[in-house]
Enquirer: 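Below are the structure tokens for one structure; questions will follow.
As the structure is a computational prediction, the values presented were derived from the model and not from experiment. Residue numbers start at 1 and run along the sequence shown.
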Amino acid sequence: MWQETELFQQSYEDVSIAYGILWMELELFNAALTSGALVIERATPQSMNPRARDRPMNNFELHYFVALYKTQLTGSRLNKSHSTIEYIENCGPLSNDLSLVHDMSLLVLAVSAAKLPHTDNPITEGFLSVEGQGDGDMEGELNHPYEIVTLAHIRDALGYDVGVASDFAAKFLMSHFMRLGLVARVDAIMESTPDYSDPLKVICVFPSALAIDASTSVEALFASIQACLEDLDLSINEFGLLLLVRRCWPSGMMTDYALTRLTSMVLAWILTEEHRMLDVVRDFVSVKIPMPGVRPVGEKPAWPEPIYNAAPREGSTGGAADYTTTRQKIATRFALPWLLQMHDLNRSLYAECLYQQCLQAAEAALFTSKAFIAHQDRSEERQADYDVEMADETLKYIVKLCQWGIVWTTFDDLFVNWLDTMSKLSRLETPVIFKHLPRLFSNDDLSGGRRSFVDDTENEDIARYMVDPWRVVVDAASDDMAGLERCLQWVLVLAHSGVEIPNSTLMQLSAFARDMNASFFTHSILVEALLYAVWVKSYGRGELLHLVYSIFGRQSSHIKQAISNRQRLEIVNDFLRHSLATCLLLYGCNRDTIRTLGLLKVAEMVSPPSRRRSNVPVEPKWTDPLSIDIDMLDLLSFAATEGTPETCVIAAKFLSTLVSESSLLGVDQVDQFVLINGHALCKCAWHFYSQTDILELNAVRLKLLLRLLIVDVQPFSNLLAETLHNDSPWEIRFEVTTRLFRVLLDINTPGLVIRGHQWRPSVVPVIVAFFSQLWRDNRVEVRLACDTLAKTLLPSHMDSMTLCFEEYLFKATLAERMALSGFLTLLHPILPSWQ
């Protein structure tokens with residue numbers, strides 16, 4: 001035992017070994033007191049109860065020396081050996097609480113040093129000192145490790161290479177090597193106090209290679225571990241993992257090749273769990289053969305009880321679930337701590353190993369599936385399909401790693417690598433769908449695996465171990481314009497695959513596009529991503545309407561300029577289709593209605609997945625008054641009146657569906673919307689009747705006009721009064737008369753129904769305005785055109801107008817009835833056959 005003044009003359013390694021011995025003695029002493037095996041009696045008044053085990057006890061020499069040695073190890077005054085300094089440079093600082101005796105990495109390093117030949121004289125003299133008996137005289141063997149050495153060689157190696165100068169520390173360390181199985185005597189003598197009187201005659205061997213050895217035997221060790229992990233028997237798997245933990249613990253002294261290969265072995269063993277389960281069910285459970293490596297139910301438990309309990313749970317039937325449970329316990333005990341150490345040692349290399357192993361597992365899975373046989377042709381189309389399946393299968397194994405909780409801080413690298421691969425596939429003409437993407441973003445699938453087994457024991461921020469895909473997406477978008485565009489492509493594929501995009505993420509992306517002054521093309525991608533995000537789930541996402549309105553406000557001038565100059569019309573039309581379809585979905589229109597309207601192209605209609613109905617609460621109806629931003633309504637009016645026929649159809653379908661098919665909007669809310677924007681809406685509806693060459697307008701323009709007239713006829717009457725005034729050009733009055741005639745033809749449409757309203761009385765002002773031109777207009781051309789058109793009306797048209805008059809008279813006031821009677825009196829001489 002070294003006193004305080006003597007410690008400064010000792011090496012760091014000697015003090016560390018002595019500290020480990022004293023620490024173990026103190027722990028044994030405390031355990032004996034706790035268990036009652038050792039009782040300290042005191043003849044003092046403090047001892048009220050002689051049998052009390054937790055009463056205070058004064059510290060003595062053992063406590064003093066443990067604290068003293070630990071303090072010296074914490075400082076920097078002790079000399080360290082060259083191997084210890086090299087270890088610190090490669091593996092980081094040593095733990096002050098961990099002795100060399102209990103640090104497996106340092107013990108392995110010491111044993112590896114003992115295998116190497118040396119020519120220098122040992123540090124110590126006397127006991128166990130061998131002079132002039134060097135084992136490395138042959139020049140060709142200088143760098144080749146020994147497999148059989150004398151005990152004296154080990155002692156010299158500890159003194160020269162490891163820095164253990166004390167004979168007492170050296171003898172304890174060599175005995176410790178033998179207890180751990182790192183070194184074995186040829187005579188197989190295991191004594192509590194070995195005899196070291198003649199170390200030259202004691203021959204020792206090294207039972208197995210170590211991962212840091214400079215020997216070809218390391219490859220045999222790796223092959224043994226791989227063979228054990230590939231076996232179906234869990235006991236053999238456990239043996240391989242024991243070799244991994246005790247002979248190949250990750251350290252900076254190992255090469256990248258060794259770390260990569262060992263990590264790949266462990267990851268492959270974890271990822272093949274499902275395949276192993278299928279083999280067990282087929283070959284063992286189905287024929288009622290005991291599962292390999294699983295203790296049968298009812299077997300007497302082992303003694304002493306192992307640190308982890310791999311026995312089947314109570315009430316178990318001995319099925320395949322017991323195999324999985326035992327396998328997971330073995331993995332938690334051995335594989336996961338090893339992987340965590342590998343992660344902490346070299347994070348970038350660990351992330352690369354994870355992704356490469358997922359690729360290899362996916363390729364192996366496709367090779368054994370029918371898909372590989374189908375893609376043997378490898379034409380351009382088949383190669384694209386194969387690449388999509390490969391990426392989706394890779395994602396499947398990434399999700400499995402997340403469920404195991406072994407990605408830790410490498411999830412960002414892992415997910416970005418996959419997203420970059422996926423971005424190359426998303427350039428195909430047909431939207432790409434990955435069926436495993438929703439699992440990665442599902443809280444139900446990953447809530448238990450997003451935190452690893454170390455979260456409850458390590459004093460670190462839990463957020464470090466969280467798997468947050470959306471944080472990865474947002475971080476990539478915040479870098480620059482290229483990152484934003486790349487991120488939007490990611491989000492588009494996520495939405496295509498049925499992932500529910502959070503509102504906050506969409507708003508952040510929109511804010512980035514605004515702050516970076518993104519181009520119109522970038523905003524068009526953002527709007528398309530919005531469409532498919534709402535396609536997956538539209539209920540309860542009304543706040544996204546304001547996001548669409550803000551995008552319209554930022555891009556309205558660009559869209560108007562493009563429509564006026566007839567430039568980039570394809571992108572403009574796609575922007576309008578996607579944004580207006582998004583609004584309709586948010587207003588409650590179902591997806592079948594969107595498909596029927598034709599706001600999505602054929603390829604776009606194929607790509608969206610089915611809306612998920614499970615676990616979706618019934619949302620209350622829209623409570624705020626329906627309103628469209630003034631910039632958006634102005635843009636729609638401009639697109640309808642000044643745009644191309646396709647743009648006009650898009651605006652007409654949106655407005656007509658909005659006022660008649662929005663299930664989440666009450667009738668009163670639609671009426672309020674029409675009252676507020678009646679003039680602009682009437683101008684659009686009236687313009688649709690001027691486009692006679694667009695057949696698609698015939699199915700939507702009447703519903704829109706009738707819905708407007710039902711709520712408030714005054715805006716339409718004011719519009720007619722402005723255009724039919726005698727001071728306006730007669731050509732305009734002629735055109736207005738023609739449009740009114742088209743309205744009369746449309747009201748004869750069979751099965752015309754306006755939800756919640758009687759529409760026939762609202763058409764009477766249109767009928768009156770048309771036939772009044774027979775005598776009111778001062779131009780003969782207009783009167784003659786009106787008379788000619790009136791004579792072409794069929795009896796069915798007359799009957800439809802008669803029904804309109806009858807329903808109107810039923811609810812009209814006295815003044816309105818008198819006005820209508822005067823009108824019919826003037827009309828009867830002109831059309832006497834109309835009864």
Enquirer: Would you find a donor on one side and an acceptor on the other, under 3.5 Å apart, between the side chain of R247 and the backbone of L210?
Expert: no

Enquirer: Which pair of non-hydrogen atoms, one from A639 and one from T647, has the smallest distance, and what is that distance?
Expert: CB-CG2, 3.3 Å

Enquirer: How many angstroms lie between CD in E393 and OH in Y386, if you round to the nearest 0.5 Å?
Expert: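 One finds 10.0 Å between CD of E393 and OH of Y386.
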
Enquirer: Compare all side-chain heavy atoms of L234 with those of I330 and state whether any distance is below 4.5 angstrom.
Expert: yes

Enquirer: Regarding S348 and N346, is there a side-chain donor-to-acceptor distance under 3.5 Å anywhere?
Expert: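 Present: a donor and an acceptor within the cut-off.
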
Enquirer: Is the ring pair H496/Y532 parallel, tilted or perpendicular, if the boundaries are 30 and 60 degrees?
Expert: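 Rings of H496 and Y532: perpendicular, over 60°.
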
Enquirer: Just so I know, are the side chains of E646 and L569 near enough to count as touching, which here means a heavy-atom distance under 4.5 Å?
Expert: no

Enquirer: More than 12 non-hydrogen atoms from neighbouring residues, nucleotides or ligands closer than 6.0 Å to CZ on F239, yes or no?
Expert: no

Enquirer: Could you tell me whether the side chain of Q403 reaches within less than 4.5 Å of the side chain of R439, counting heavy atoms only?
Expert: yes

Enquirer: Between the side chain of D233 and the main-chain N/O of G293, is any donor-acceptor distance below 3.5 Å?
Expert: yes

Enquirer: Regarding S423 and W490, is there a side-chain donor-to-acceptor distance under 3.5 Å anywhere?
Expert: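 Yes - a donor-acceptor pair under 3.5 Å links their side chains.
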
Enquirer: Quick check against the 3.5 Å criterion: does S497 have a side-chain atom that pairs as donor or acceptor with the backbone of V499?
Expert: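 Looks like no, no N/O pair under 3.5 Å.
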
Enquirer: So which atom in F334 and which in L242 form the shortest heavy-atom distance, rounded to 0.1 Å?
Expert: CE2-CD2, 3.4 Å

Enquirer: Check M632 against C583 and note the closest heavy-atom contact, atom names and distance.
Expert: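 Result for this residue pair: CE-SG, 3.8 Å.
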
Enquirer: So, Q489 and E485: side-chain donor and acceptor under 3.5 Å apart, yes or no?
Expert: no

Enquirer: Are any of the side-chain heavy atoms of F575 and I551 separated by less than 4.5 Å?
Expert: yes

Enquirer: Look at the side chain of K653 and the backbone N and O of L597, then say whether any donor-acceptor pair between them is shorter than 3.5 Å.
Expert: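 The answer is yes, because a donor-acceptor pair under 3.5 Å joins these two groups.
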
Enquirer: Taking atom types as modelled and ignoring hydrogens, do the side chains of R327 and Y323 form a donor-acceptor contact shorter than 3.5 angstrom?
Expert: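 The criterion, which ignores hydrogens and geometry beyond distance, is not satisfied for Y323 and R327.
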
Enquirer: Answer yes or no: is there a side-chain heavy-atom contact under 4.5 Å between L359 and Y355?
Expert: yes

Enquirer: Looking at Y350, F411, W338, which hits ring-ring contact (aromatic ring centres under 6.0 Å, His included) with H343?
Expert: Y350

Enquirer: Can you tell me how far NZ of K396 sits from CG of L401, rounded to the nearest 0.5 angstrom?
Expert: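 One gets 12.5 Å once the value is rounded to the nearest 0.5 Å.
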
Enquirer: Between W535 and L600, is a side-chain contact (heavy atoms from CB on, under 4.5 Å) present by the stated rule, with each step listed?
Expert: CA-CA 12 Å; W535 191 280; L600 294 181; 3.2 Å; yes

Enquirer: At what distance, to the nearest 0.5 angstrom, does CG of L488 lie from NE2 of H523?
Expert: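 Nearest 0.5 Å value for the CG-NE2 distance: 9.5 Å.
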
Enquirer: Of L243, L221, L259, which is the lone residue that meets side-chain contact (heavy atoms from CB on, under 4.5 Å) with C248?
Expert: L221

Enquirer: Apply side-chain contact (heavy atoms from CB on, under 4.5 Å) to residues L544 and L586 and explain how you reach the verdict.
Expert: CA-CA 8 Å; L544 292 181; L586 293 173; 3.9 Å; yes

Enquirer: May I ask you to check whether S524 and D574 show a side-chain donor-acceptor distance below 3.5 Å?
Expert: no

Enquirer: Pairing donors with acceptors under 3.5 angstrom, does anything connect the side chains of D413 and T410?
Expert: no

Enquirer: Look up atom CG in D515 and atom CG in L484, then write down how far apart they are to the nearest 0.5 Å.
Expert: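 With rounding to 0.5 Å, CG (D515) is 10.0 Å from CG (L484).
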
Enquirer: Does A209 offer a backbone N or O that forms a donor-acceptor pair with the side chain of D213 under 3.5 Å?
Expert: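 Not at all, since once roles are kept as given, no pair shorter than 3.5 Å links the two residues.
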
Enquirer: Are S579 and T582 close enough that a side-chain donor and a side-chain acceptor fall under 3.5 Å?
Expert: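 No, because no side-chain N or O of S579 sits under 3.5 Å from a partner of the opposite role on T582.
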
Enquirer: Do the non-hydrogen side-chain atoms of D392 and I433 ever get within less than 4.5 Å of each other?
Expert: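 A side-chain contact under 4.5 Å is absent here.
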
Enquirer: Has the side chain of S478 got a donor or acceptor atom that lies under 3.5 Å from a matching backbone atom of D475?
Expert: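 Side chain of S478 to backbone of D475: a pair is present.
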
Enquirer: With a cut-off of 6.0 Å (strictly less than), are more than 12 heavy atoms of other residues, nucleotides or ligands near CG of N517?
Expert: no

Enquirer: Parallel, tilted or perpendicular: which describes the rings of F441 and W470, with under 30° parallel and over 60° perpendicular?
Expert: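 The arrangement is tilted - the two ring planes meet at 30° to 60°.
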
Enquirer: Are side-chain heavy atoms of M390 and T421 found at a separation under 4.5 Å?
Expert: no

Enquirer: Run the numbers on F415 and I398 for side-chain contact (heavy atoms from CB on, under 4.5 Å), then give the verdict.
Expert: CA-CA 8 Å; F415 191 45; I398 293 177; 5.8 Å; no

Enquirer: List the steps, then state whether side-chain hydrogen bond (donor to acceptor under 3.5 Å, both in side chains) holds for S519 with T522.
Expert: CA-CA 5 Å; S519 63; T522 302; 3.1 Å; yes

Enquirer: Would Q356 and Q360 count as having a side-chain donor-acceptor pair, cut-off 3.5 Å?
Expert: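 The criterion, which ignores hydrogens and geometry beyond distance, is not satisfied for Q360 and Q356.
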
Enquirer: Hey, could you give me the CG/CZ distance between L547 and F552, rounded to the nearest 0.5 Å?
Expert: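 So the CG of L547 and the CZ of F552 are separated by 11.5 Å.
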
Enquirer: What do you reckon, is CZ of R486 surrounded by more than 12 foreign heavy atoms closer than 6.0 Å?
Expert: yes

Enquirer: Taking only distance into account, with no hydrogens and no angle test, what donor-acceptor pairs under 3.5 Å do side-chain atoms of residues 265-282 form with protein atoms, sequence neighbours excluded?
Expert:
| from | atom 1 | to | atom 2 | distance (Å) |
| --- | --- | --- | --- | --- |
| W269 | NE1 | N237 | OD1 | 3.2 |
| T272 | OG1 | A268 | O | 2.9 |
| T272 | OG1 | W269 | O | 3.1 |
| E274 | OE2 | K400 | NZ | 2.9 |
| R276 | NH1 | L229 | O | 3.3 |
| R276 | NH1 | D231 | O | 3.2 |
| R276 | NH2 | L229 | O | 2.8 |
| D279 | OD1 | R282 | NH2 | 3.2 |

Enquirer: Go through L262 and M254 one step at a time and tell me if the side-chain contact (heavy atoms from CB on, under 4.5 Å) criterion holds.
Expert: CA-CA 11 Å; L262 291 173; M254 299 171 61; 3.6 Å; yes

Enquirer: Under a 4.5 Å cut-off applied to non-hydrogen side-chain atoms, are S264 and T260 in contact?
Expert: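 Of all side-chain heavy-atom pairs linking T260 with S264, at least one is under 4.5 Å.
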
Enquirer: Shortest non-hydrogen contact from V218 to A211?
Expert: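 In terms of heavy atoms, the two residues are closest at CG1-O, 4.0 Å.
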
Enquirer: Is a side-chain N or O of T326 found less than 3.5 angstrom from the main chain of D322, in a donor-acceptor match?
Expert: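 Side chain of T326 to backbone of D322: a pair is present.
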
Enquirer: Find the distance between CG (L530) and OG (S510) and round it off to the nearest 0.5 Å.
Expert: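 Here the rounded value is 7.5 Å.
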
Enquirer: What closest approach, in Å, do A495 and A529 show between heavy atoms, and which atom pair accounts for it?
Expert: CB-O, 4.3 Å

Enquirer: Quick one: does any side-chain atom of R347 pair with a main-chain N or O of T409 as donor and acceptor, under 3.5 Å?
Expert: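 Yes, because the side chain of R347 sits within donor-acceptor range (under 3.5 Å) of the backbone of T409.
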
Enquirer: Specify the closest pair of heavy atoms between A335 and L241, including all atoms of both residues, with the distance to one decimal.
Expert: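 Taking A335 first and L241 second, the nearest heavy atoms are CB-CD2, 4.4 Å.
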
